[in-house]
Amino acid sequence: MAVLLAATAYSAATPRGPLSPVMAAPGDLFEDVSRQAGLDFVHQFCHDRIANILLSNGAGGAVFDYDNDGFVDIYLVNWGPLNGVTSGRQACSREPNRLFRNRGDGTFEDVTRRAGVAGVGFGSAAAAGDFDNDGFTDLYVVNFGRNQLLRNRGDGTFEDVTAKAGVGDTGTGISAVWFDADNDGRLDLFVANYLTFDPATVSEQNPGAYPGPLAYPGEANVLYRNRGDGTFEEVTRAAGLYAPGHRAMSVSALDVDGDGDTDLYVSNDDTPNALWLNDGKGRFRDVAIEAGVAFNSIGEAPGSMNAAVGDLDGDGRLDLFVTRLGYGSLYLQTAPLRFEDRMFASGLGRITQPYVGWGGVPLDFDNDGDRDLFVTNGDAFTLSGTLSLLLENDGRARFTDAAARGGAFFRTPVNGRGAATLDFDNDGRMDLLITPLADRAILLRNRCPGNHSWLTLDLRGRRSNRNGYGARITARAGARVWVTEAQCPTGFLLQSDPRVHLGLGEVKSLEELEIRWPSGQVQQLKAVPVNRVLPVEEPL
């Protein structure tokens, strides 16, 4: 049976005090601005140690613009009491999930109570998408236990429509993604579940340590098809996605083969990863083994946390960087649906080998025109901290350690879990959000010198889904071409800023910007100015 939520109350508790503010030096590229921004969230941890596998994972949230004011807001998910998981010896009461509204001046205000989004139970993650196409982004909250769908009313408040919509999955939820599986203009919902936890299970191989994922049965993921009337139909088996032996940690949406429909990559724990290829009608088959993305370079399936998606070598094909407990992977797509793991040839193997990688995200932190990587690392067995990684791309998927340029934060141990990219101040430089285990959320402001161009696209679908999830973007300037996608940008526990950010290097304007919308319509913009957030509406 799935994990059952307890009804007991407890108060906020962490085994130690939260991380002190990290003071940046003048030349540091990233600055910890959490305190001055008003992001005062602390992840609850009602135990004195990581006593079981569920306590090792942490919690995240979502970055999205809930009030349509042009500035992204932050929703952070908290834990709650869970029988057999958290300690009964610590008297604690549940702290709420919290919504921080971006004031547009570099600061946030807590609007949780007014918005009605405090949540319930033991939270893991959140995914933001406009499921009813009314122009206001809604929120799906993933829990260990019953999930919640919170509909955005458009007046700054949300209503719980879980029961009406029929999406209250009660599994051990760990991730979710909004995507249009059948290209009907409505967002469908994929929920990733972890494993069926039993507190009575003990480790036979390592007495005294908590059992690993293979000691527990896997738990099937769930696909809900949007009927368009505010309700959903569970279609997991009909869609070919029923896989009860999997142990998901996260799900990433991408059009891996560029055929105009959205596929899914599921990162699994000690289970081969799955690449679910969409036939365009919402039916899927797993092609991970034949594509070369099921195992790492030495043929193992260690605990995968998430896949960072992007064109990392500039060849116009989407690649995958997978963080793991064990050797991670850099899957470069060398031909359609053919990947090679270049983890060590890229330099990433050597740099990441000492760490356990959790949240990994792509970003062009210096806007030089190629995708770099950020990884938040952590310890899976203790509450001690670990260093984070800033990995600079040379444009051909060869990476070097840029932590020294990153600054003081990258010399500060944290027990990182979720990671997200966002541009919270709309200055064109991608900032970072980290949710550590049993510690405060961390907002890092990007202070990289602004000598490179950029463009951020804020898409609005009309024939397609309102968020424009599934749109493919091709930008051209001289001999340079950038290919990227607008997708619901989920990672491990955290969803990033859904707007599409392009670092453009020395480019002063784009000769052409082509958007292939999920509806199939192709929109072309000429002589596109740069260094701005550009709203783009799909033509009817």
Side-chain angles (χ1 to χ4, degrees), residues 60-68 72-75 77 97 99 115 117 119 124-143 147-154 158-162 164-169 173 175-192 221-233 235 250-255 261-264 278 282 309 420 422 457-471 485-491 493-500 517-519 538:
V63 176
F64 71 117
D65 183 1
Y66 86 95
D67 54 359
N68 289 350
V72 289
D73 312 297
I74 296 173
Y75 184 71
V77 175
N97 306 340
L99 176 61
V117 292
S124 293
D130 185 358
F131 79 88
D132 52 3
N133 285 334
D134 67 350
F136 296 94
T137 301
D138 312 298
L139 196 60
Y140 190 74
V141 185
V142 183
N143 297 318
N147 299 333
Q148 275 189 300
L149 177 58
L150 302 173
R151 178 182 173 272
N152 189 338
R153 293 188 178 106
F158 292 74
E159 61 175 324
D160 186 339
V161 296
T162 312
K164 175 186 175 184
V167 292
D169 185 60
S175 185
V177 68
W178 294 102
F179 75 117
D180 188 351
D182 48 7
N183 279 349
D184 64 354
R186 299 187 291 265
L187 288 178
D188 308 300
L189 178 64
F190 181 89
V191 180
N221 305 317
V222 179
L223 176 65
Y224 293 106
R225 185 181 68 84
N226 191 337
R227 292 189 177 107
D229 60 359
T231 69
F232 291 75
E233 175 187 6
V235 294
S250 67
V251 55
S252 302
L254 72 159
D255 182 359
D261 53 56
T262 300
D263 314 298
L264 298 172
N278 192 342
V309 178
L422 71 164
L457 302 176
D458 190 2
L459 302 185
R460 294 287 183 269
R462 299 173 75 186
R463 293 165 57 186
S464 307
N465 68 85
R466 182 66 176 171
N467 295 107
Y469 291 159
E485 288 187 338
Q487 296 284 5
C488 182
T490 53
L493 304 176
L494 263 178
Q495 176 182 314
S496 293
D497 188 336
R499 299 173 298 180
V500 177
W517 294 89
S519 65
E538 178 185 18

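For the numbers below, each heavy atom of this structure counts, side chains included, while hydrogens, waters and symmetry mates do not.
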Please determine whether salt bridge (Lys or Arg N to Asp or Glu O under 4.0 Å) holds for the pair R499 and D497, giving the CA-CA distance in whole Å, both sets of side-chain angles, and the decisive distance to 0.1 Å. CA-CA 6 Å; R499 299 173 298 180; D497 188 336; 2.9 Å; yes
Considering all heavy atoms, the nearest Q495-C488 contact: OE1-SG, 3.3 Å
Quick one: pull up CG in L149 and NZ in K164 and give me the separation to the nearest 0.5 Å. 10.5 Å
How would you list, by chain and number, every residue that makes a side-chain contact (heavy atoms from CB on, under 4.5 Å) with A486, sequence neighbours excluded? L459, A471, I473, V500
How far does CG of L99 sit from CG of D73, to the nearest 0.5 angstrom? 6.0 Å
Spell out, as yes or no, whether a donor-acceptor pair under 3.5 Å connects the side chain of N467 to the backbone of Y469. no
Checking N147 against Y140: is there a side-chain donor and acceptor pair closer than 3.5 Å? yes
How close do S124 and G173 get, heavy atom to heavy atom, and via which atoms? OG-O, 2.9 Å
In short, A176 meets L189 closest at the heavy-atom pair CB-CD1, 4.3 Å
Identify the two heavy atoms, one from A420 and one from S496, that lie closest to each other, and give their separation to 0.1 Å. CA-OG, 3.3 Å
Donor-acceptor under 3.5 Å (D132 side chain, G230 main chain): no
Just verifying a value: how many Å separate Q487 CD and F179 CZ, rounded to the nearest 0.5 Å? 9.5 Å
Apply salt bridge (charged side-chain N to carboxylate O under 4.0 Å, His left out) to R462 and list each qualifying residue two or more places apart in sequence or on a separate chain. E537
For R466, is there any backbone N or O sitting under 3.5 Å from a side-chain donor or acceptor partner on D130? no
A253 to V177 - nearest heavy-atom pair and separation: CB-CG2, 3.8 Å
Ring pair (Phe, Tyr, Trp, His ring centres under 6.0 Å) partners of F131, counting only residues at least two apart: F232
By side-chain contact (heavy atoms from CB on, under 4.5 Å), which residues pair with D184, not counting sequence neighbours? D180, D182, R186
Is there a side chain to side chain contact (heavy atoms under 4.5 Å, CB included) between I74 and L422? Walk through the geometry before answering. CA-CA 10 Å; I74 296 173; L422 71 164; 4.1 Å; yes
Could you work out, with side-chain contact (heavy atoms from CB on, under 4.5 Å) as the rule, every residue matching D263, not counting sequence neighbours? D255, V256, D257, D261, L277, N278
I want to check something: taking the side chain as every heavy atom from C-beta on, are W178 and N465 in contact at a cut-off of under 4.5 Å? no
I want to check something: taking the side chain as every heavy atom from C-beta on, are V251 and N221 in contact at a cut-off of under 4.5 Å? no
Starting at OH of Y66, measure out to CG of D138 and round the result to the nearest 0.5 Å. 14.0 Å
Nearest heavy-atom neighbours spanning A125 and V77: O-CG2, 3.8 Å
To the nearest 0.5 Å, tell me how far T162 OG1 sits from R151 CZ. 13.0 Å
Spacing of D160 atom CG and L139 atom CG [to the nearest 0.5 Å]: 11.0 Å
With a 4.5 Å heavy-atom cut-off, do V309 and E485 have their side chains touching? no
Quick one: side-chain contact (heavy atoms from CB on, under 4.5 Å) partners of S519, sequence neighbours excluded? R463, S464, W517, Q521, E538
